[in-house]
Structures are given as structure tokens and as C-alpha cells.
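Position 1 is the first residue of the sequence; numbering continues from there. Because only heavy atoms are used, hydrogens play no part in the values below, and waters and symmetry mates are left out as well, while side chains stay in.
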Amino acid sequence: MFQSQGVGSVPGILPSLDLTVQSTAQHRGPLEEGPACPGGSVGWSVLHARKVPIAITCFTRGLDIRKEKADVLCPGDCPLEEFSVFGNIVYASVSSICGAAVHKGVISNSGGPVRIYSLPGRENYSSVVANGIQSQTLSRWSASFTVTKGKSGTQEATGQAVSTAQPPSGKRLKKTPNKKAGNKDCKADIAFLIDGSFNIGQRRFNLQKNFVGKVALMLGIGTEGPHVGLVQASEHPKIEFYLKNFTSAKDVLFAIKEVGFRGGNSNTGKALKHTAQKFFTAETGVRKGIPKVVVVFIDGWPSDDIEEAGIVAREFGVNVFIVSVAKPIPEELGMVQDVAFIDKAVCRNNGFFSYHMPNWFGTTKYVKPLVQKLCTHEQMMCSKTCYNSVNIAFLIDGSSSVGESNFRIMLEFVSNIAKTFEISDIGAKIAAVQFTYDQRTEFSFTDYSTKENVLAVIRNIRYMSGGTATGDAISFTVRNVFGPMRDSPNKNFLVVVTDGQSYDDVRGPAAAAHDAGITIFSVGVAWAPLDDLRDMASKPKESHAFFTREFTGLEPIVSDVIRGICRDFLESQQ
């Protein structure tokens, strides 16, 4: 439509609004003159179209406006952090129109009129921070748009606001938050590594994409549920989109559909290694405390070594699943570098991480069993580390000999240990009990599931003051804090911090805690007797009992306790 202006050849360079209106007038034929355009030929219909933009919501996307050119009206006070914008100047059509307009500086966050122009799809949409919005990269999309400032003046929007992301009708509004949040019982960061080699061919490649789309749909993708990305293995690996790019199933399905067939050898090992090293980073959307998963689809067999890639993935804490389709027939086995490649590449060779389908036809029945595996985070062994798979309870001495100022130092010691771990509802969990003659649960393992909340609560613990009954406090903690976590897959640790001798026996309660599978680190300050510390500590005693004469000496012990927890965790996994 704008060939004379060079739009097709130079993305983002657009004709002026006046030229556009004149072009429209010329196509429509003679139009009546009006006072708004002295001597001009722009008629009432064009002016009316220009004056009455379509009301849209903050989240209406470019693909929701199916016109080459349209005037829209963005509302004010849209949440900038929730805008989904891909590109710069030229935006992928999956982007929010209003988000793109704010990003480009066409409007402020107070809203206003915007003119949107449809453009062809392209590759490599760039990531740029502008006007408070971080746009995202996108490797490829089928359609684009750009925006310019709409005409100001007295404009009244007519009709319903156009949006598919957040519909305005009453009944659907109730469902939208849950849909956006996703399946909270299936928390995983998943990369689908699909086969794009000549070995699979164009037809089966499309069937593979359909299957991946069905799996993505059933997973329940959402902001608080699973996040997915896509990598294509061929001669050279290509990350098609990252975890952060899409947080709704609908957008993921669009993105999968747009992925083109690359061809070449099926260098799955090369692609798996690339995915483990480059895909799972904080910048690309990986979340702390969430299992990292790669689902590798192999049609036949890989062209390169996949065992080394599997080792690299395990070192990065990535759970590798292999979905094999159409195993090599006997006469083809001679072409396979390693017949046992599946067993060597998966996270654990226990049958859980491998999955076979006979062919790409009639695969619907295989979707649900695979989804169930991907949502069983307890079995994601390769992403379990001492930082995300432990329960740590702190038993804090609040007796009179400690004093208020030293008690604050003890709380800082506890905070410095706690903040090292990846605290979440499926990750590490922290609890705290203060004791004198009595015991007070400050918070339990299930009370807080974010690091920020846990650290805030620790800072605000009130000093009790009183006697010292450490044995009773250990029994209380085992029963009331660890008891409800009996079925937790995490390894249990108890860190006791005390400054004096206990008035009761600590050996019996400590032995009972050890028998219950709880590893105890004892930390003594000032007048804490070494015999008590050793009696409480787990074996070997010398690496589980610590002492410092001054409360300021607690700081160097922080790293010793953290290293000890990680050492014990690793030994328990072997």
C-alpha cells in the first residue's frame, strides 16, 4: 500500500499522515469539501474514521487489530511491568499495542490516541529499554506493526474495547486471573528441544510441532505455573524463544506454529549442550527454586555424541528427558554411534526420564502421561541442590544472658545463612524457634515461601529473655516444626545457637532428632559448654559443632555452616 514511501524496504519508515489521507481520498474518488480542510478533497467519511478511534485495553495486541491501518485509543495508567513488547520501532504483532506506543514514546502512560500500521513479519526483533519498558527479543514472527501518534482533539471512542488477552465481559473476568496464573501445581522451567533435521523431514516436523503444542497446552502455562521455551536441533542449534517470552498457552502455540523447518544433521548433542549452557539464565527468564527441564525429541538417532551433553546438563542442574520416536530398525543400528545413547543422556537412568512413542501419528494419548512426568517436581533429581532442597530450622537462644544487642547479632547470623538458600514453596524452607525455659515458634516451614518474607520476619523477632532449657527446645522443635514435614522430600537440618549451659539434658533429645533424620549443627557463644555442643551435634562432631568466645565471632561461622549443609546434602544423595 505504501510502496512509493519505501515501507517494505525500510521497516519503520512510514509516510506522513497527510499523505496517507490523501491517498485514501484519491482511491475513493471525488469527495465533498469541508471547512476542516479548506480547498482539500478529504471527505466526511475519512474525517469520521480519523476522529473516532477504536477503544482498546492495555493488553490488546497488534494481531487483534486486523486492519492495515487503524486508529486506536489507549487507556491510562496501564501497568508498565505487565506489558508484553517484542522489538523496537517495528514490533512483533504479538506485542501489546499500548505497550509499544509507550515504548516508542508515541504516548505516555496516561494513554491517548495511537495510529497502528501493519507490517510484514521479520526475524530478530531487538530488545531495548525505552520509556520505562524493557522490550524483549524474538527470533521470528509472522507479522509486525509500528505506531505513530494519533490525531489529538475531541475524540470519542465508540464500541467495546478490543482485547483477547483481558476480555471486559463479567463472566470471563472471573476466569482470567486463574488462567493467567497457570497451573500452580506444575512449577517447572521447560525447554522443548525439537528435532529439525533432514532425518525427520518437513511432514513429521509439523506433526512434532503439533504434539509439542498439545503438551504445552495441557501443562497449564502461566505466570505462576510452568514456563516454556523452544530450541531447534539441526546442523546448528537455534533458540526459537525463551522462557520469559510468553507466559500464556495461546501465545506459546502461536510461537510454535511460526517455527520453520531448518534441516541439516540431527546434532542433538550439540543442541543439548547449547541449551544447558545458554537457555537457563536469569536474563532469559529462569526462576530460582524451580526445576529446570529439557525435553529432547529424537526421531531415530542423533548424528553426534549426546553423552557428553547429558553430563554438561547435569552439571548445570538440568533434568534431561528423552522422548524417542521410531527407534532405529535393525539394519539401521550400524549407523547409530551409541546404541545406549538414551540411558547415557537422561538425568537418571531409572526409567522416569525416558519416554518412547512408536511414531508421530496418533500421539494424543501420549500427551497426558508425559505432562504428568513433567509436573512431578519431587522426582526432578538433577535440579535438586543443597540450595533448593533443604528444610532448615533455627533454634535461637533467647535467655537473659544473651541481652538485646547480642540477640540482634544472633538474628543477623541466622539471616545470613537463610538468605543463601533458594526459598520457595517447592524449594528450600526455613523455620525459627526461640527458646528460654519455654519455646515459641516464630514461624514454621509453611508460613512463608519467599526469601524476602522470611528475612523480614527474622529481623522482627522479639527477644524473650529467661532461662535456658535447650533439651526441651530440641524436642519441641522436632515434634512441632519437623513433625508436620514428615513427608517432605527435602533433607532436614537444625541449627542450634546458644550462649550458655542448658539446665536440662540435651543428649536424649538430640539423639531422638538424629534418629528422625535431622542433621544438627550446634553453634556456641561465650559460656556455652563444649560438651553440650558436641552432645547435640551430628557426626562427625568436629564438623558439626562450632564455638566462638564473642558474639561478633558468629559471622565467620556462617560460611562453615552453609558448606556443612551442602556437604551433608550431597552425601545423602549418593
Colleague: Measure from the side-chain N and O atoms of T363 to the backbone N and O of Y366, and report whether any donor-acceptor pair falls under 3.5 Å.
Modeller: no
Colleague: Measure from the side-chain N and O atoms of D251 to the backbone N and O of S248, and report whether any donor-acceptor pair falls under 3.5 Å.
Modeller: no
Colleague: What orientation do F211 and F297 show, parallel under 30°, tilted 30 to 60°, or perpendicular over 60°?
Modeller: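 Taking F297 first and then F211, their aromatic rings stand perpendicular (interplane angle over 60°).
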Colleague: Parallel, tilted or perpendicular: which describes the rings of F205 and F261, with under 30° parallel and over 60° perpendicular?
Modeller: tilted
Colleague: Look up atom CD1 in I65 and atom CD1 in I116, then write down how far apart they are to the nearest 0.5 Å.
Modeller: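 Rounded to the nearest 0.5 Å, the CD1-CD1 separation comes to 6.5 Å.
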Colleague: Would a line drawn from the ring center of F321 to the ring center of Y355 be shorter than 6.0 Å?
Modeller: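 Between F321 and Y355, the centre distance exceeds or equals 6.0 Å.
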Colleague: Is the SG-SG separation for the cysteine pair C58 and C98 below 2.5 Å?
Modeller: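 Disulfide absent: SG-SG distance not under 2.5 Å.
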Colleague: Checking the side chain of D304 only, and the main-chain atoms of K270 only, is there a donor and an acceptor separated by less than 3.5 Å?
Modeller: yes
Colleague: Taking H356 for the side chain and S324 for the main chain, is one N or O donor matched with an acceptor at less than 3.5 Å?
Modeller: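 Side chain of H356 to backbone of S324: a pair is present.
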Colleague: Between V114 and L73, is there a side-chain heavy-atom distance shorter than 4.5 Å?
Modeller: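 Counting from C-beta outward, L73 and V114 never come under 4.5 Å.
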Colleague: Could you tell me whether D425 and K184 have a side-chain N and a carboxylate O separated by less than 4.0 Å?
Modeller: no
Colleague: Could you tell me whether the side chain of F145 reaches within less than 4.5 Å of the side chain of L63, counting heavy atoms only?
Modeller: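 L63 does not reach F145 side chain to side chain.
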Colleague: Is there side-chain contact between V312 and L272, with at least one heavy-atom pair below 4.5 Å?
Modeller: no
Colleague: Please assess H103 against Y91 for the test ring-ring contact (aromatic ring centres under 6.0 Å, His included), listing each intermediate value before the final yes or no.
Modeller: CA-CA 10 Å; H103 184 266; Y91 302 93; 5.7 Å; yes
Colleague: Have a look at D189 and tell me which of R287, K292, K288 forms a salt bridge (charged side-chain N to carboxylate O under 4.0 Å, His left out) with it.
Modeller: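 One option only clears the test, and that one is R287.
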Colleague: Is there side-chain contact between W301 and T268, with heavy atoms separated by less than 4.5 Å?
Modeller: no
Colleague: Go through the structure and list residues passing side-chain contact (heavy atoms from CB on, under 4.5 Å) with L253, not counting sequence neighbours.
Modeller: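 Here the qualifying residues are L217.
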Colleague: Taking K104 for the side chain and I89 for the main chain, is one N or O donor matched with an acceptor at less than 3.5 Å?
Modeller: no
Colleague: So does R262 get a backbone contact from the side chain of Q232, meaning a donor-acceptor N/O pair under 3.5 Å?
Modeller: yes
Colleague: Would you tell me whether T364 and K214 have side-chain atoms, one donor and one acceptor, within less than 3.5 Å of each other?
Modeller: yes
Colleague: If you round to the nearest 0.5 Å, how far is OG of S126 from CG of N88?
Modeller: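 Rounded to the nearest 0.5 Å, the CG-OG separation comes out at 4.5 Å.
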Colleague: Consider salt bridge (charged side-chain N to carboxylate O under 4.0 Å, His left out). Of K67, R61, R66, which one does D64 pass it with?
Modeller: R61
Colleague: Among side-chain atoms of E123 and S139, is any donor-acceptor pair under 3.5 angstrom?
Modeller: no
Colleague: Knowing that exactly one of F241, F246, W141, Y125 qualifies, which makes a ring pair (Phe, Tyr, Trp, His ring centres under 6.0 Å) with F86?
Modeller: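 That would be F246; it is the only one of F241, F246, W141, Y125 passing the ring pair (Phe, Tyr, Trp, His ring centres under 6.0 Å) with F86.
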Colleague: Does the side chain of K244 come within less than 4.5 Å of H227's, by heavy atoms?
Modeller: no
Colleague: For residues 195-205, which residue pairs qualify under side chain to side chain donor-acceptor pair (under 3.5 Å), counting only residues two or more places apart or in two chains?
Modeller: D195-S197, Q202-N206, R204-D299
Colleague: Quick one: are F83 and S135 in side-chain contact, heavy atoms under 4.5 Å?
Modeller: no
Colleague: Between N490 (side chain) and G427 (backbone), is there a donor-acceptor pair under 3.5 Å?
Modeller: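 Yes: the side chain of N490 pairs with the backbone of G427.
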Colleague: With rounding to the nearest 0.5 Å, note down the distance linking CG in L119 to OG in S144.
Modeller: 6.0 Å
Colleague: With a 4.5 Å heavy-atom cut-off, do V325 and I298 have their side chains touching?
Modeller: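 They are not in contact (no side-chain heavy atoms under 4.5 Å apart), so the answer is no.
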Colleague: Could you tell me whether K273 and E308 make a salt bridge, using a distance below 4.0 angstrom between a side-chain N and a carboxylate O?
Modeller: yes
Colleague: Run the side-chain contact (heavy atoms from CB on, under 4.5 Å) test against I423 and tell me which residues pass, sequence neighbours left out.
Modeller: I430, K451, V454
Colleague: When you check the side-chain N and O atoms of S108 and S110, is any donor under 3.5 Å from an acceptor?
Modeller: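 Indeed, the side chains of S108 and S110 share at least one donor-acceptor pair under 3.5 Å.
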Colleague: Is there a side-chain contact between C186 and P226, using heavy atoms and a 4.5 Å cut-off?
Modeller: yes
Colleague: Indicate yes or no for a side-chain donor-acceptor contact from T284 to the backbone of T281 under 3.5 Å, with no hydrogens or angles considered.
Modeller: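 Such a contact is found between T284 side chain and T281 backbone.
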